[in-house]
Visitor: 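Okay, handing you the structure first.
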Amino acid sequence: MSHEHTHQLDNPDQSGPPPEIDVIGTVPGAPQIPGGAEAMTIFVTLPPSSPGAPPHRHSGPAYGYVVKGAIVFELEGEPERVVRAGGTFWEPGGDVIHYQDGNHLADEESAFVVTMFCAPGQPMLTVVEPEELEARKHLRAPRP
């Protein structure tokens, strides 16, 4: 689905050129943000070959931007993919398992910024136990 986004802000009081605004990613449909959620933005640096966080879930949606390098990103039900610097990723949160967010590169750091909306009283990240991973393995996309 393609969206046309125009970002021109007329400002008759400006003394220089207008800002340049480029859309780098969109999420179709509005993600459900838990009522009373806390928004949290973090910067993650992954050393070369870092596997990233273990399989986990978030209590609310998360939207991220790769600042440098490339990460391997995988959500439950979707095939893993490489997101390179300048690319975005998102996840709905809730029951969906986030399997991978590791560094795709063996010889340099990768880094990303992500904003998460955490449900009140819930941790930002909850690790999924091995027994649950086994019980839900049929929901994971086929491995390459």
Side-chain angles (χ1 to χ4, degrees), residues 1-11 14 17-144:
M1 179 186 235
S2 176
H3 297 282
E4 173 92 23
H5 293 282
T6 304
H7 296 283
Q8 175 61 40
L9 303 174
D10 292 326
N11 183 349
Q14 72 185 18
E20 184 175 321
I21 300 170
D22 295 313
V23 176
I24 56 173
T26 61
V27 176
Q32 295 297 311
I33 298 173
E38 175 184 5
M40 179 183 305
T41 300
I42 63 172
F43 184 86
V44 178
T45 301
L46 300 167
S49 298
S50 172
H56 61 278
R57 56 175 51 98
H58 299 282
S59 61
Y63 195 77
Y65 175 79
V66 178
V67 177
K68 73 176 180 176
I71 66 167
V72 178
F73 184 80
E74 181 189 3
L75 289 180
E76 187 170 65
E78 298 179 7
E80 69 178 44
R81 64 189 173 102
V82 174
V83 183
R84 299 190 184 283
T88 61
F89 57 91
W90 91 279
E91 59 184 281
D95 194 43
V96 176
I97 295 174
H98 180 170
Y99 283 100
Q100 295 185 72
D101 61 4
N103 190 344
H104 179 66
L105 307 175
D107 57 349
E108 64 183 88
E109 282 186 343
S110 291
F112 61 90
V113 173
V114 62
T115 298
M116 298 165 286
F117 297 88
C118 303
Q122 298 294 315
M124 171 188 68
L125 180 149
T126 304
V127 174
V128 179
E129 298 296 328
E131 299 80 23
E132 184 179 2
L133 290 173
E134 179 63 27
R136 292 174 71 122
K137 71 180 180 181
H138 66 284
L139 299 173
R140 193 171 185 182
R143 311 300 301 137

Visitor: Find out whether Pro55 and Ile97 are in side-chain contact, i.e. whether some heavy atom of one side chain is under 4.5 Å from a heavy atom of the other.
Guide: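 Touching, per the 4.5 Å side-chain cut-off.
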
Visitor: With a 4.5 Å limit on heavy-atom distance, are the side chains of Ile71 and Leu46 in contact?
Guide: yes

Visitor: Work out which heavy atom in Phe117 is nearest to a heavy atom in Pro34; give both atom names and the distance.
Guide: O-CD, 4.2 Å

Visitor: Please report the C-alpha distance between Val66 and Lys68 in whole Å, then the side-chain angles of each, then the deciding distance to 0.1 Å, and finally whether the side-chain contact (heavy atoms from CB on, under 4.5 Å) criterion is met.
Guide: CA-CA 6 Å; Val66 178; Lys68 73 176 180 176; over 6 Å; no

Visitor: Over all heavy atoms of both residues, which pair between Ser59 and Ala119 is shortest? Give the atoms and the distance, please.
Guide: OG-N, 2.8 Å

Visitor: Please name the pair of heavy atoms, one in Pro48 and one in Ala106, separated by the smallest distance, quoted to 0.1 Å.
Guide: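 Distance-wise, the nearest heavy atoms are CB-O, 3.2 Å.
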
Visitor: Mind checking the NE2-OG spacing from His104 to Ser50? Nearest 0.5 Å is all I need.
Guide: 14.0 Å

Visitor: Find out whether Phe112 and Val67 are in side-chain contact, i.e. whether some heavy atom of one side chain is under 4.5 Å from a heavy atom of the other.
Guide: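 When only atoms from C-beta onward are counted, Val67 and Phe112 do not touch, as no gap falls below 4.5 Å.
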
Visitor: When rounded to the nearest 0.5 angstrom, what is the spacing between CG in Leu139 and CG in Asp95?
Guide: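 Reported value, rounded in 0.5 Å steps: 9.0 Å.
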
Visitor: Going through the checks in order, is the salt bridge (Lys or Arg N to Asp or Glu O under 4.0 Å) test met by Glu78 and Arg140?
Guide: CA-CA 7 Å; Glu78 298 179 7; Arg140 193 171 185 182; over 6 Å; no

Visitor: Tell me if a side-chain donor or acceptor on Tyr63 pairs with a main-chain N or O of Gly25 at a distance below 3.5 Å.
Guide: yes

Visitor: Please walk me through it: do Ser110 and Asn103 pass side-chain hydrogen bond (donor to acceptor under 3.5 Å, both in side chains)?
Guide: CA-CA 6 Å; Ser110 291; Asn103 190 344; 2.7 Å; yes

Visitor: Nearest 0.5 Å, what's the CD-CD distance between Gln100 and Glu80?
Guide: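 It comes to 4.5 Å.
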
Visitor: Checking His58 side chain against Met124 main chain: does a donor-acceptor pair fall under 3.5 Å?
Guide: yes

Visitor: For Glu109, does the CD atom have more than 12 heavy-atom neighbours from other residues, nucleotides or ligands under 6.0 Å away?
Guide: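 Yes, the 6.0 Å shell around CD holds more than 12 heavy atoms from other groups.
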
Visitor: What closest approach, in Å, do Thr126 and Pro123 show between heavy atoms, and which atom pair accounts for it?
Guide: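 Closest pair (atom of Thr126, atom of Pro123, distance): OG1-CG, 3.5 Å.
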
Visitor: Tell me if the centroids of the rings in Phe89 and Tyr65 come within less than 6.0 Å of each other.
Guide: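 Phe89 vs Tyr65: aromatic centres not under 6.0 Å.
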
Visitor: Pick out which of His98, Glu91, Glu76, Glu132 makes a side-chain hydrogen bond (donor to acceptor under 3.5 Å, both in side chains) with Arg57.
Guide: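 So, applying the side-chain hydrogen bond (donor to acceptor under 3.5 Å, both in side chains) to Arg57 and each of His98, Glu91, Glu76, Glu132, only Glu132 qualifies.
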
Visitor: Using only atom types and a distance under 3.5 Å, with no angle test, would you say the side chain of Thr41 pairs donor to acceptor with the backbone of Thr115?
Guide: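 Side chain of Thr41 to backbone of Thr115, a donor-acceptor pair under 3.5 Å: no, none is there.
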
Visitor: With side chains defined as the heavy atoms from C-beta onward, is the minimum distance between Val114 and Phe43 less than 4.5 Å?
Guide: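 No, every pair of side-chain atoms sits at 4.5 Å or beyond.
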
Visitor: Shortest non-hydrogen contact from Leu105 to Ala70?
Guide: CD1-N, 3.8 Å

Visitor: Could you tell me whether the side chain of Asp101 reaches within less than 4.5 Å of the side chain of His56, counting heavy atoms only?
Guide: yes

Visitor: Testing the basics here: between Pro61 and Ile33, what is the closest heavy-atom pair and its distance to 0.1 Å?
Guide: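 Nearest heavy atoms, Pro61 then Ile33: CG-CG1, 3.9 Å.
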
